[in-house]
Amino acid sequence: MIVNFRKYRSLWVLLLCCYSAVAFGQPLPAADIPVTVGGVLLKNPWAGGLNCPQPSAVDLNNDGLQDLYIFDRVGDVHLTFINQGTPGHPDFVLAPEYALNFPVIHNWCLLRDYDGDGIQDIFSYSDQAFDAVMVYKGHYQAGKLAFTRFHFQGPADVIYIPGPTQLYVSTIDYPAVDDLDCDGDLDILTFNVAGGIIELYTNRSVEMGYGRDSLIYKLAEGCWGGIYESGLQVEVTLSPVMGECADHFWDPDDTPLQFRHSGSTLVTFDGDGDGDKELMLGDLSFSNLNYLVNGGNCQKAWITDQNALFPNTAQLAEIPLFPAAFYLDVTGDGKRDLLAAPNNKLGSIDQNCFWLYQNTGQDNAPAFSLQQKNWLVDGMIDLGTGARPVFVDVDADGLPDLVAGNYSIYAPFGAKDPRVFYFRNTGTASQPAFTLTNSDFMGMNAFSASSFAFTPCFGDLDGDGDLDALVGEQFGHLFFVENTAGPGQPMAFKPAVYDYKGINVGQASVPQIIDLNRDGLPDLLVGERNGNINYFQNTGTAQNPEFNPDPESAPNNFFLGQVDTRIMGYTTGYSAPWVQEVNGQYRLFTGTEVGRIESYSNIDGNLGGVFTTDTETYGQIAAGERTQVTLADINNDGKLEIAVGNFRGGITIYETDLDGPPVGTVQPHDRPQLVELFPNPTAGDFFLRRLSADPAPLELRIFDGTGRLAEARTVPFPDQTLRIGTADLANGVYWVEVRQGAILQVARVVLLKAD
């Protein structure tokens, strides 16, 4: 967003602006591009990864099959998966269009059917300035699940209890919403505001004669189950007497109350078939789940036994740090399974983060067997935590490959495991497909002891005709990685060198190499944690670039375009700029801390002025927090695709209506041209004129718009001009591939023959 005041580095202020949730235009369609990892074709490659998933079973499209909804608290993201299997054999496939009907939610969310109409409703953390619970009622709209806010009596639309005060659930807790007193409506278990003690709030709707269509809560038990959680050990303190609270060395008459509770997760289910509910508890201080046995009844819970080595030492549910458990049927056998995941947004496992324990017993007397630790995640591109994608032709075959850096993969004891990944494009010019080829591209992991949060970009920084790499990192510096391959050859890198040109933007540098002032020299844009964008102008030559490392010294500009990606209430913005030429004019897209993609124009000739805000919510993209973007025409349809990385470690790709490079140009544009193609568009035959002086023959292939090979031939030297007949070709778009050795030129031809 644009701000009209100078941003001083020594004094951070909140932005005097509003975070608008109003989208600009229609949502962008997701691109469907296959990805292979380890020889396996990923089922949902562009789902965006998972870090702290909170799953719920739901029928999203009203077809009678249970689909899957996931809320990930890292980025507050809604993920919707349609069940494309059959009864008893679920097959969950990403369907992001169903997520558009979900409201804005933060911190935690679970779906439960409170009114018994067979449609899931939402219980979630409130949108108020205090800890509370809000509810949305579900209904179907044009065949898709949609929601309407449930209105409560009180100053805000949240659940109240007599007092009146709100029903308290903290930002980091995960409550249980279940029928605890066995009367048919949904009650709520949550830790009290001081922590240590669990409170039961029962819904009085049925007792008061309203059926299940109302939500009327009161505090029924101030110490549910009689237990006390100290936070000092995995086991809870049990009460020896039913109806009494465990002795936790606190006199309720003493004031003030000591607050010690820092976070817990709850899930309830009937674990022994006796009708009342047992409890699975996770705590911020520990890695284990604790299974608590209810020896009481529906009217009075009493925890009489516990198992902190659940389900057994051989299959221990141990998730560092702060585990959460979920009880739902994802295997399709009619018995709810156990899923476990981290609830800590940073510093927990991030790839093996979704543990599936299949229920091999009964639904009301389960037995759990560990199946895998990366359920669903194994079908996604998931780089751990953080992802910065960029398209570049690594192997010089003329096809754009995908390179992506990450923040880190989880490592114990606070260690970091940052990497740059290389996905080779193994498809065709019109039908890209990516295969993970290198999980430590350019050898960047060698710096993991001192640096992380790698953000790569590519450009020719030494004027030798090939593309070098710059890699941003957590502490604001840049790595320079020189490509010594030469023009048109597969990339070959020297070891990375730290602290390129002495540039340091503070924290979380995100670079792009681009000739922003159009003087023929590559300049640098660098985003940063504070939310501004730094412009470093190249004052040297193509072969010997020079950059003043001081972003506030002219001709540099530390506040380029007066773009600031912070929003109200945030002191950081994590700008991640990408400038793209669209219809001959530069346009700036930038990722942000809150996840939206901002877009700006009025850049050319205005590097010292204020850029024009096109939209702060480009394409209604909601991929998660700390987004990082790149654009390219990766399928040669003349339109750009936008790839968005997020802090969950995943990547999403969307199709746009933005025009890509002009018809007939080389893809990518920095490769040497082998031929000139004309006329284009054509009403009949077209011609290829050889531009290369290399006497080696040219290999020619022509594909139609579906990827079908229409013609293939070899063009020997010294043929300079070749006529391509179109008598047997129908009108449409064709792709012409011309290869000479390692150099590949791809051109788009439009055939419009007269009727």
(message) Measuring from atom OG of Ser239 to atom CD1 of Ile227, what distance do you get when rounded to the nearest 0.5 angstrom?
(response) 10.5 Å
(request) Please name all residues satisfying ring-ring contact (aromatic ring centres under 6.0 Å, His included) with Tyr327, sequence neighbours left out, ordered by chain then number. (result) Phe269
(message) Can a side-chain donor-acceptor contact be found between Asn203 and Ser205 if the only test is distance below 3.5 angstrom?
(response) no
(request) Can you see which heavy atom on Cys109 is nearest to which on Gln54, and at what distance? (result) N-OE1, 3.0 Å
(request) Could you check whether the rings of Phe589 and Tyr618 sit parallel, tilted or perpendicular, using 30° and 60° as the cut-offs? (result) perpendicular
(message) Any salt bridge linking Arg566 with Glu593? Criterion: basic side-chain nitrogen under 4.0 Å from a carboxylate oxygen.
(response) no
(message) Looking at Cys223 and Cys245, is the distance between their SG atoms under 2.5 Å?
(response) yes
(request) Inspect the contact between Asp127 and Arg149 and indicate whether a charged nitrogen and a carboxylate oxygen are less than 4.0 angstrom apart. (result) yes
(message) Holding to ring-ring contact (aromatic ring centres under 6.0 Å, His included), I want the full list of residues that pass it with Tyr357, two or more places apart in sequence or in another chain.
(response) none
(request) Please name the residue in the list Lys277, Gln299, Glu207 that meets the side chain to side chain contact (heavy atoms under 4.5 Å, CB included) test with Asp181. (result) Glu207
(request) Kindly compute the distance separating NE2 (His106) from OG1 (Thr171), expressed to the nearest 0.5 Å. (result) 12.0 Å
(message) Filter on side-chain hydrogen bond (donor to acceptor under 3.5 Å, both in side chains), then keep only pairs touching residues 109-122, sequence neighbours left out; what's left?
(response) Asp115-Lys137, Asp117-Lys137
(message) Minimum heavy-atom separation for Phe310 and Leu289, please, with both atom names.
(response) CB-O, 3.9 Å
(message) Out of the candidates Arg73, Lys345, Arg648, only one should pair with Glu625 under the salt bridge (charged side-chain N to carboxylate O under 4.0 Å, His left out) rule; please name it.
(response) Lys345
(message) For the OH atom on Tyr140, are there more than 12 heavy atoms of other groups (residues, nucleotides or ligands in this structure) within a distance under 6.0 Å?
(response) yes
